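A short worksheet on the structure shown next.
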Amino acid sequence: MSRRYDSRTTIFSPEGRLYQVEYALEAISHAGTAIGILAKDGVVVVAEKKVTSKLLEQDTSAEKMYILNDNMICAVAGMNSDASILVNHARVTAQNYLLTYNDDIPCEMLVRRICDVKQGYTQHGGLRPFGVSFIYAGYDDRYDFQLYTSNPSGNYSGWKAASVGSNNASAQTLLKKDYKDDLSLKEAQELALKVLGKTMDSSKLNSEKIEIATIGKNQDGKIIHKIWKPAAIDAILREIGLVKEDDEEEE
Amino acid sequence: MDIVLGIKVQDSVIVATSKAATRGISILKDTDDKTRALNEHNLMAFTGEAGDTVQFAEYIQANIQLYGMRENFDLPPKAVNHFVRNQLASSIRSRKPYQVNVILAGYDEAKEEPSLSWIDYLGTKVDIPYAAHGYAGFYTFSLLDRHYRSDMSVDEGLKILKLCSEELNKRMPIDFKGLRVKIVDKSGIREIDVGL
Amino acid sequence: MSDPSSINGGSAVAMMGKDCVAIACDLRLGSQSLGLANNFEKIFNFGHVFLGLAGLATDVTTLSEIFRMKTNLYKMKEERLIEPESFANLVSSTLYERRFGPYFVSPIVAGINSKTDKPFICGFDLIGCIDYAKDFIVAGTSSDQLFGMCESLYEPNLEPEDLFETISQALLSATDRDALSGWGAVVYIITKDKVLFLIYFF
């Protein structure tokens with residue numbers, strides 16, 4: 001009986017559910033975890049890379065971290081192919097805003113524009129929804145640093161700390177326990193990596209397994225975003241003592 | 001022959017527009033207002049083709065108001081100015097371009113500074129300390145070049161405006177029925193009566 | 001009189017030196033004979049590539065914003081900055097898109113390729129035909145005067161300091177003989193690891 005409500009994204013089931021949207025959410029809950037934490041002087045997002053293979057080209061660009069604009073970055077949980085469509089849409093939207101107003105697009109507006117696209121696929125028929133959740137980190141003059149998440153239904157919300165993807169419930173619990181107001185970006189990075197480490201199936205953390213991106217201010221007060229290079233990721237993992245197993249293997 | 005003048009002083013902008021609405025050889029009205037308030041802190045003064053001017057000004061006004069309602073946040077002057085320039089720059093390459101020249105006076109609440117932008121019907125935009133469209137510039141710029149200082153008070157600014165007004169009344173071939181003067185500062189937009 | 005490319009006035013020039021390039025422009029913006037602003041810069045940079053735009057001011061602004069958008073998207077997709085040679089082709093194709101309703105500008109490009117360290121300058125007509133040069137490129141309402149000055153002052157393989165002197169004198173002398181140019185100037189000297197820039201006011 002319920003199969004009748006599966007094939008179309010746009011039809012409510014008798015219980016008032018949209019099955020395709022729920023399946024999309026389900027798909028994401030198997031994807032690599034992504035965690036974001038808002039600090040007073042910046043935002044950090046970290047993510048787990050699920051597929052790793054010795055054959056995979058390692059020194060290419062980050063898989064799940066994208067720059068959306070000068071004032072915004074995001075991490076992806078879910079299907080990368082779907083994500084790149086939305087990321088491209090977001091970049092063009094942000095540049096068009098810059099063209100008309102000569103100002104960076106406010107973070108929430110950009111999130112909303114992406115969510116409008118996502119929402120469209122839950123209502124206008126025939127096609128499948130985007131199998132992507134995002135964590136956005138950004139800055140604008142009105143609300144300072146900000147952190148948002150969005151999911152396939154087109155809902156979005158703002159957070160102090162958030163996670164999407166597999167084990168996001170346990171990550172959320174850990175974040176709730178350890179999050180403090182007034183964290184510095186440095187402390188937030190540490191917390192994000194520790195929580196990510198605990199939620200990952202293998203506790204082995206290294207640059208092949210995770211990605212880090214941050215947004216903050218430099219000395220001149222200019223907004224700087226950075227997708228971390230593998231060497232920098234390994235360095236911070238070593239610094240906060242999260243690489244123990246790797247070292248043991250080498251010995 | 002319309003007069004549109006803007007003078008940026010220490011922490012406000014003075015805008016003066018002629019009160020005569022003319023058509024052919026007749027003055028239809030001597031209380032015309034050639035400005036529209038776009039939002040709390042942005043005022044647009046305009047001249048150009050009759051019909052186009054008010055149509056364009058109110059179109060811009062509606063769009064800026066719409067942005068304010070959607071975002072629950074008023075666009076700052078820099079963004080307003082660019083939006084207006086963009087509209088005129090796209091219009092100039094359309095089938096029927098708006099023939100409207102504007103001066104935008106604004107106050108940026110976040111940066112706590114006044115802003116004055118000169119934009120013509122082509123979409124040429126410059127941020128300058130004092131601005132005028134049409135013939136008014138030929139009569140007033142030399143006075144402003146001589147007396148203007150960026151750290152003037154509103155009263156000092158109005159003194160220069162009075163010099164400009166006297167010059168215009170003396171040298172312009174037609175009566176423009178005096179000037180309507182408005183001030184844009186941190187408390188918003190207000191009209192003042194200085195008897196010009 | 002109503003030639004769009006000489007309503008607002010303005011000039012720009014670029015020169016190639018030894019492992020360096022220079023680009024300079026005036027600061028005037030006018031409406032026919034009436035000078036309006038002495039702060040209208042006509043040089044824009046997109047990473048390490050410099051673009052000079054002389055011509056109709058509205059198109060100068062529009063194009064600078066279009067190229068900002070295009071290079072921003074390029075930067076995010078390619079994860080690197082655009083190089084001068086690629087940017088020259090971007091300018092060319094962007095202008096040719098408007099073949100039958102052109103932007104009234106004369107662009108010039110200057111930069112040093114960050115991979116090969118080779119200096120690069122070129123100019124364009126208003127519909128995007130590229131004019132590659134090994135010595136200098138001139139543009140704007142004083143282009144005739146600039147040609148004369150550059151022909152007589154320029155010599156190849158100048159060091160940055162001498163190139164700065166040459167381009168400055170060429171621009172200043174040329175714009176002095178043009179009623180529509182002048183009112184201040186900016187000069188950029190670009191070497192492979194730094195950009196030096198200077199503003200003249202008068």
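These numbers were taken from a predicted model, which means no experiment stands behind them. Chain A is the first sequence line, chain B the second, and so forth, proteins listed ahead of strands; every chain is numbered from 1.
Around the NZ atom of A:Lys229, the shell of radius 6.0 Å holds no more than 12 heavy atoms that belong to other residues, nucleotides or ligands. Dense packing is recorded around CZ of A:Arg112, with more than 12 heavy atoms of other residues, nucleotides or ligands lying under 6.0 Å away. Counting non-hydrogen atoms of neighbouring residues, nucleotides and ligands closer than 6.0 angstrom, the CZ atom of A:Arg142 exceeds 12 such neighbours. When the shell of 6.0 Å around NZ of C:Lys70 is examined, it contains more than 12 heavy atoms from other residues, nucleotides or ligands.
Most heavy-atom pairs under 4.5 Å with chain A, from the set C:Arg68, C:Glu65, C:Lys75: that is C:Arg68.
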How far apart are the C-alpha atoms of C:Met69 and A:Leu98, what are their side-chain angles, what is the distance that settles it, and do they pass the side chain to side chain contact (heavy atoms under 4.5 Å, CB included) test? CA-CA 8 Å; C:Met69 177 183 79; A:Leu98 186 66; over 6 Å; no
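Closest approach of A:Ile67 and C:Met76 over heavy atoms only: O-SD, 3.4 Å.
Heavy-atom distances place the side chain of A:Asp70, and not its backbone, under 4.5 Å from chain C. Proximity to chain A involves both the backbone and the side chain of C:Lys77, based on heavy atoms less than 4.5 angstrom apart. Contacts of A:Leu68 with chain C are made by backbone atoms alone, with heavy-atom separations under 4.5 Å and no side-chain atom involved.
Proximity to chain C at a heavy-atom threshold of 4.5 Å picks out nothing from residues 29-38 of chain A.
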